[in-house]
Amino acid sequence: MNPTNRKYFDRQVEWVLARLPQSVLAILKEVPLHVVDQPSKRLLKELGVAEPDELCGYFCGLPYTECSAFTFCSSVPTSVTIFRRGIVSASRDERGKVCRSELREQIRITVLHELAHLHGMDEDEIDKIGYG
């Protein structure tokens with residue numbers, strides 16, 4: 001992604017984050033949100049994903065549902081990463097164009113999707129609430 005497009009995308013992330021509920025922002029104060037162009041080849045292989053455009057986000061760490069006094073969740077690095085390339089790809093219309101409102105919606109969906117994993121939800125559960 002070229003620097004101009006990267007800067008535009010990142011401004012859209014900031015716009016989306018500024019409009020999320022305070023409860024979500026409180027979580028993001030504790031869980032780092034990384035924004036990168038695309039996943040590494042290693043991560044794609046690990047997840048069984050063929051193309052970088054197919055992956056919009058990734059949750060790393062232990063979900064809250066797996067934490068207890070015995071797992072020491074605070075010692076396990078937890079983060080959310082969103083991928084510009086995958087989100088832009090998911091935002092394209094049938095003509096290949098990306099409009100700002102759809103890009104913002106895909107960013108919002110991706111962030112909330114990954115935070116749902118933090119709360120222990122699997123892909124089927126996330127699909128049922130509309131963030132699949």
Peer 1: Quick test of your reading: applying ring-ring contact (aromatic ring centres under 6.0 Å, His included), list the pairs with at least one residue in residues 17-46, sequence neighbours left out, ordered by first then second residue.
Peer 2: none
Peer 1: Does the distance from a Lys or Arg side-chain N to an Asp or Glu carboxylate O, for Arg108 and Glu105, drop under 4.0 Å?
Peer 2: yes
Peer 1: Quick check: closest heavy atoms across Ser91 and Leu103, and the distance to 0.1 Å?
Peer 2: OG-CA, 3.4 Å
Peer 1: In sequence, state the C-alpha distance, the side-chain angles, and the governing distance for Arg84 and Asp10, and then conclude on side-chain contact (heavy atoms from CB on, under 4.5 Å).
Peer 2: CA-CA 9 Å; Arg84 293 180 188 100; Asp10 292 352; 3.0 Å; yes
Peer 1: By the definition side chain to side chain contact (heavy atoms under 4.5 Å, CB included), identify the one residue from Leu47, Thr110, Thr81 that meets it with Leu55.
Peer 2: Leu47
Peer 1: Assess whether side-chain contact (heavy atoms from CB on, under 4.5 Å) is satisfied between Arg92 and Lys97, documenting all intermediate values.
Peer 2: CA-CA 5 Å; Arg92 293 191 190 286; Lys97 303 281 185 189; over 6 Å; no
Peer 1: Mind checking the CZ-CZ spacing from Arg100 to Arg104? Nearest 0.5 Å is all I need.
Peer 2: 4.5 Å
Peer 1: Cys56 versus Phe83: any side-chain heavy-atom pair under 4.5 Å?
Peer 2: no
Peer 1: Please answer whether the main-chain N or O of Asp122 pairs with a side-chain N or O of Glu125 as donor and acceptor at a distance below 3.5 Å.
Peer 2: yes
Peer 1: Let me confirm one number: the CG-CD1 distance from Leu112 to Ile27, rounded to the nearest 0.5 Å.
Peer 2: 9.5 Å
Peer 1: If you take all heavy atoms of Thr78 and Leu62, which pair is closest and at what distance?
Peer 2: OG1-N, 4.1 Å
Peer 1: With sequence neighbours excluded, give me every ring-ring contact (aromatic ring centres under 6.0 Å, His included) pair touching residues 99-130.
Peer 2: Tyr64-His119, His113-His117
Peer 1: Could you walk me through whether Ile82 and Val36 pass the side-chain contact (heavy atoms from CB on, under 4.5 Å) check?
Peer 2: CA-CA 6 Å; Ile82 63 172; Val36 299; over 6 Å; no
Peer 1: Please check this pair: side chain of Gln106 against backbone of Ile87, looking for a donor-acceptor N/O pair closer than 3.5 Å.
Peer 2: no
Peer 1: Can you tell me how far the OH atom of Tyr58 sits from the OG atom of Ser79, to the nearest 0.5 Å?
Peer 2: 8.0 Å
Peer 1: Determine whether Leu118 and Pro63 make a side-chain contact, defined as any pair of heavy atoms from C-beta on separated by less than 4.5 Å.
Peer 2: no
Peer 1: When you compare the side chain of Leu43 with that of Val49, does any pair of heavy atoms fall below 4.5 Å?
Peer 2: no
Peer 1: What's the spacing between Leu20 CG and Leu28 CG if we round to 0.5 Å?
Peer 2: 7.0 Å
Peer 1: Is there a side-chain contact between Val88 and Asn5, using heavy atoms and a 4.5 Å cut-off?
Peer 2: no
Peer 1: Hey, does Cys99 have a side-chain heavy atom less than 4.5 Å from the side chain of Glu102?
Peer 2: yes
Peer 1: Applying the 4.5 Å side-chain criterion to the ILVMFWY set and letting contacts propagate, would Val31 and Val16 be lumped into a single cluster?
Peer 2: yes
Peer 1: Between CZ of Arg19 and CG of Leu17, what distance do you get to the nearest 0.5 Å?
Peer 2: 10.5 Å
Peer 1: Between the main-chain N or O of Arg85 and the side-chain N or O of Ser89, is there a donor-acceptor pair closer than 3.5 Å?
Peer 2: no
Peer 1: Quick check for you: to the nearest 0.5 Å, what is the distance between Asp127 atom CG and Met121 atom CE?
Peer 2: 9.5 Å
Peer 1: Step by step, work out the side-chain contact (heavy atoms from CB on, under 4.5 Å) result for Phe9 and Ile107.
Peer 2: CA-CA 9 Å; Phe9 185 97; Ile107 291 167; 3.9 Å; yes
Peer 1: Say whether, by atom type as modelled, one donor and one acceptor occur between the side chain of Arg6 and the main chain of Met1 under 3.5 angstrom.
Peer 2: yes
